[in-house]
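Residue numbers start from 1 in every chain, and the chains themselves are labelled A, B, ... in the order their sequence lines are given, proteins ahead of strands.
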Amino acid sequence: MAPSHVQEPSADRRLSTLVRHLLPSSPRRTAAAAAEDSSATLESSPTMASQGCSVFAGLAQAPEDPILGVTVAFNKDPSPNKVNLGVGAYRTEEGKPLVLNVVRRAEQMLVNDPTRYKEYLPITGLADFNKLSAKLIFGADSPAIQENRVATVQCLSGTGSLRVGGEFLARHYHEHTIYIPQPTWGNHVKVFTLSGLTVKTYRYYDPATRGLDLKGFLEDLSSAPTGAIVLLHACAHNPTGVDPTIEEWEQIRQLMRSKSMLPFFDSAYQGFASGSLDKDAQSVRMFVADGGELLMAQSYAKNMGLYGERVGALSIVCGSADVAGRVESQLKLVTRPMISSPPLHGASIVATILKDSEMYHEWTVELKAMADRIISMRQQLFDALKARGTPGDWSHIIKQIGMFTFTGLNSEQVAFMRQEYHIYMTSDGRISMAGLNAKNVNQLADAIHAAVTQLK
Amino acid sequence: MALSSRASIGRQRLAVVPAARAMASWFGHVEPAAKDPILGVTEAFLADPSPDKVNGAYRDDNGRPVVLECVREAERRIAGNANMEYLPMGGSMKMIEESLKLAYGEDSEFLKDKRIAAVQALSGTGACRLFADFQKRFLPDSQIYIPTPTWSKFPSSFLHLSVIANPMFFLSHHNIWRDARVPQRTFTYYHPESRGLDFAGLMNDIQNAQDGSFFLLHACAHNPTGVDPSEEQWRERSFQFKAKKHFPFFDMAYQGFASGDPERDAKAIRIFLEDGHQIGCAQSYAKNMGLYGQRAGCLSILCDDEMQAVAVKSQLQQIARPMYSNPPLHGALIVSTILSDPELKNLWLKEVKGMADRIIGMRKALKENLESLGSSLSWEHITNQIGMFCHSGMTPEQVDRLTNEFHIYMTRNGRISMAGVTSGNVAYLANAIHEVTKAN
């Protein structure tokens, strides 16, 4: 079929457009003329969106992310003795990043497999990965899994899982307030706020004991509305390293269930905290065992060292299989206009490892080694402070668990340590134990000792 | 306490069947048998009315998905050699730099002057979503104009189970800007009668839009129509945009894949840049590098100066941080490995041209087949259109006949994914199309 509309010669059309813009207002004329003359200056074309007139001209620079900003500052420091205790990425005893051997093996298998293609994953992600991830956190014989009550979608690590969960709740849950512990990971507030939830806090950390403020915790939840969402760190609380005991978890669970509160677990350190995958999942499994519903954001950044690959999963344990099916379909509506489908590589590595019993075992061994090194560093730091007679009770260093220690240092002391000792940590006094090793632990102990004795 | 027994639920080890490892298999070397030519065609279509194929995942002349050799080589270099640390919030600097060179030109003054705010994004979708959120945050009163049609959802009568699983079926520009809460309107684009561009209608809509509106433009290989403006038409659009002070946001998902030449496919963008527009641009490596599942892309915004670019980038990062913290590493490594190595880059250019040429060749073959079958209709549009898709102009009823009588799958709006057409099935396809469209 021939084109049915008549086309003017394009040069004529261009001229006629030009002519329209030459009548009658002069600013337009200038704009049109300026468009023909590429050397026109800004002054001669005030109404033109041209160089110097960006629509985003009024935009201010955003403040630096406080956590990532520590690394930025660290990188700028020329001192050969600098120590980065900011970001929670594992470091070896030599201070190097670590890619697990089992991960390298999985990576090599994927590269060598000529039958592998890189097509889009389904919206929900890699199916194997999802199933195996749910099994990992809930336990292979979890009743929720047996009964098909778990909806799982692959997400971009912990952050992505939290965001997708938050957006889902904002759309489909009747209560739009989420209670987060005080303190918590710096990004939690933004994630949930942008999801469309209102963020409130519950007491968590007791500075006096550098331990759990259980009383405040339970009181704040008691006065929260029925059905409120409650964010819980599954283990290795970030930034404090303070976890409830099993008995304390049971009290928390009972209170929450009595008020029909919805638990939203953030599990970034399963296996990394105690060295045991099952032990670190106890809190979560306790909540699943009572038959109730919950959300679970899971990350493989630390425990498989897959940081930059952005591997995680959001699971929602539902009351029934039917509900789980519908929940999954709604989760897809959240993720697709965000990222379409999640990235393939990291999830493929995880699935490769989890589904092979030998590789799985190798992973547990490497994971325990990482956890053990952290635990050893805690002991070394504690011993070093004791040896210096540093004033104060430093037992929290060995009582706390996971990647981070909440030292109890104030922001002044933190700044002092940065200035005088080139030791970098977030201003809340949180240190990443992963950044410590036998070589720099003494430097840190010296710095803490100086900060505590010179600045109060 | 009962809890301690509960704590032992979930064994140390998952009870799994050891996975069949490809490298240990006895039969890894066995090739599939050659297919019967006729049955092979229908079998191919039947067995793989694949959402991927129908939705524009490239297939070679044997109907198989492709991993580019340059990608395989890049992965070989990466495996075992790169660590997996977090990328910065804005993503890989190397990947961004290479991406900007591709889009803006190797010697672009904007690159030299550091005027482009750019972040790595989750492929084209992620780039569009970041921009939409950014637009909402900083220009809350603005709206977006999206062409009709655009990359979008398909009528549900086509859907069957396997198809539902594919994300492309549900994804659209509309959904992205809707979730970002940016009000949207459409502008005229496609001219059904000619299966071409409704240029007059398009220019009209551009002119009638409120000054300073945001427009979503497909840089090349418009999806789903395959209809692109000519260079001259692009120049006129640019001119009109200047007059109206509209913001041009380019979605470039097919650079290199459309004509076979990445520079040529970026022509529209270059025209707008020459004319002084401060564009936004979403780039995707899903198709042109075959990195679909790796989600590799880039979002860029041309700013007044370096200082503003720094500010804009920092704000884009503020949007990414509470969404996913930082973007995925692997795809970025592949892209930057390929594009920064002259040998690998040349290989890529060759391979992407190969893909584009195959599609162009299939278009030609399809048209010629239809003509030699004696079709009285004009099939010019098949070769006039460009990219992965052909808007055939067939009616839903004709498409249904294709499916029911000939086992040929396409969306009911008559859009053919050229990726599914091979030298082995083009004659069959032409014959089928002729049968359902000829006057009786």
Mind checking the OH-CG spacing from A:Y307 to B:N326? Nearest 0.5 Å is all I need.
12.0 Å

Please classify the contact between B:S325 and chain A as side chain, backbone, both or neither, with a heavy-atom cut-off of under 4.5 Å.
both

Once rounded to the nearest 0.5 Å, what's the spacing between atom CZ of A:R310 and atom CG of B:L329?
10.0 Å

Any chance you could measure A:L306, atom CG, to B:Y86, atom OH, to the nearest 0.5 Å?
10.5 Å

Euclidean distance, B:N175 CG relative to A:S340 OG, rounded to 0.5 Å:
10.5 Å

Is B:D179 salt-bridged to A:R171, cutoff N-O under 4.0 Å?
yes

Okay, B:P327 and chain A: the region with an atom under 4.5 Å from a heavy atom over there is backbone

Do B:R295 and A:P342 have side chains that get closer than 4.5 Å, going by heavy atoms?
no

Go through A:I349 and B:M84 one step at a time and tell me if the side chain to side chain contact (heavy atoms under 4.5 Å, CB included) criterion holds.
CA-CA 12 Å; A:I349 291 176; B:M84 293 175 180; 4.1 Å; yes

Should B:E85 and A:K96 count as an ion pair when the cut-off is N to O under 4.0 Å?
no

Does the side chain of A:K190 reach to within under 4.5 Å of the side chain of B:R321, using non-hydrogen atoms?
no

Looking at side-chain heavy atoms only, is the closest gap between B:D304 and A:F56 below 4.5 Å?
no

Closest non-hydrogen atom pair, A:P63 against B:Q318
O-NE2, 3.6 Å

Contact origin within B:N384 toward chain A - heavy atom pairs under 4.5 Å:
neither

Name the member of B:K313, B:E75, B:Q315 that forms the most heavy-atom pairs with chain A at distances under 4.5 Å.
B:Q315

Do A:L156 and B:L122 have side-chain heavy atoms sitting under 4.5 Å apart?
yes

Examine whether an atom of A:L59 lies under 4.5 Å from a heavy atom of chain B, and if so say whether it belongs to the side chain, the backbone or both; otherwise answer neither.
both

B:S314 and A:A62 have their tightest heavy-atom pair at OG-N, 2.8 Å

Using a 4.5 angstrom heavy-atom cutoff, name the option from B:R178, B:H330, B:Q294 with the most pairs to chain A.
B:H330

Could you tell me which non-hydrogen atom of A:A60 sits nearest to which non-hydrogen atom of B:A311, and how far apart they are?
C-CB, 4.1 Å

Given that the side chain runs from C-beta out, which part of B:A82 has a heavy atom under 4.5 Å from chain A: side chain, backbone, both or neither?
backbone

Taking all atoms of both residues into account, what is the closest heavy-atom pair of A:V55 and B:F247, and its distance?
CG2-CD1, 3.6 Å

Side chain, backbone, both or neither of A:V103 within contact of chain B (heavy atoms, under 4.5 Å):
side chain

Closest heavy-atom contact between B:P322 and A:L194?
CG-CD1, 3.3 Å

Given heavy-atom pairs under 4.5 angstrom as the criterion, report whether the side chain, backbone, both or neither of B:R181 touches chain A.
neither

With a 4.0 Å cut-off on N to O distance, would you call A:E119 and B:R59 a salt bridge?
yes

Please flag which part of B:I301 lies under 4.5 Å from any non-hydrogen atom of chain A: side chain, backbone, both or neither.
side chain

Atom CD of B:Q308 and atom CD of A:Q61: how far apart are they, to the nearest 0.5 Å?
11.5 Å

When B:D305, B:L87, B:L139, B:L291 are compared by non-hydrogen pairs under 4.5 Å with chain A, the top option:
B:L139

Find the distance between NE2 (A:H345) and CD1 (B:I78) and round it off to the nearest 0.5 Å.
8.0 Å

Greatest number of heavy atom pairs closer than 4.5 Å to chain B - which of A:V111, A:N187, A:L344
A:N187

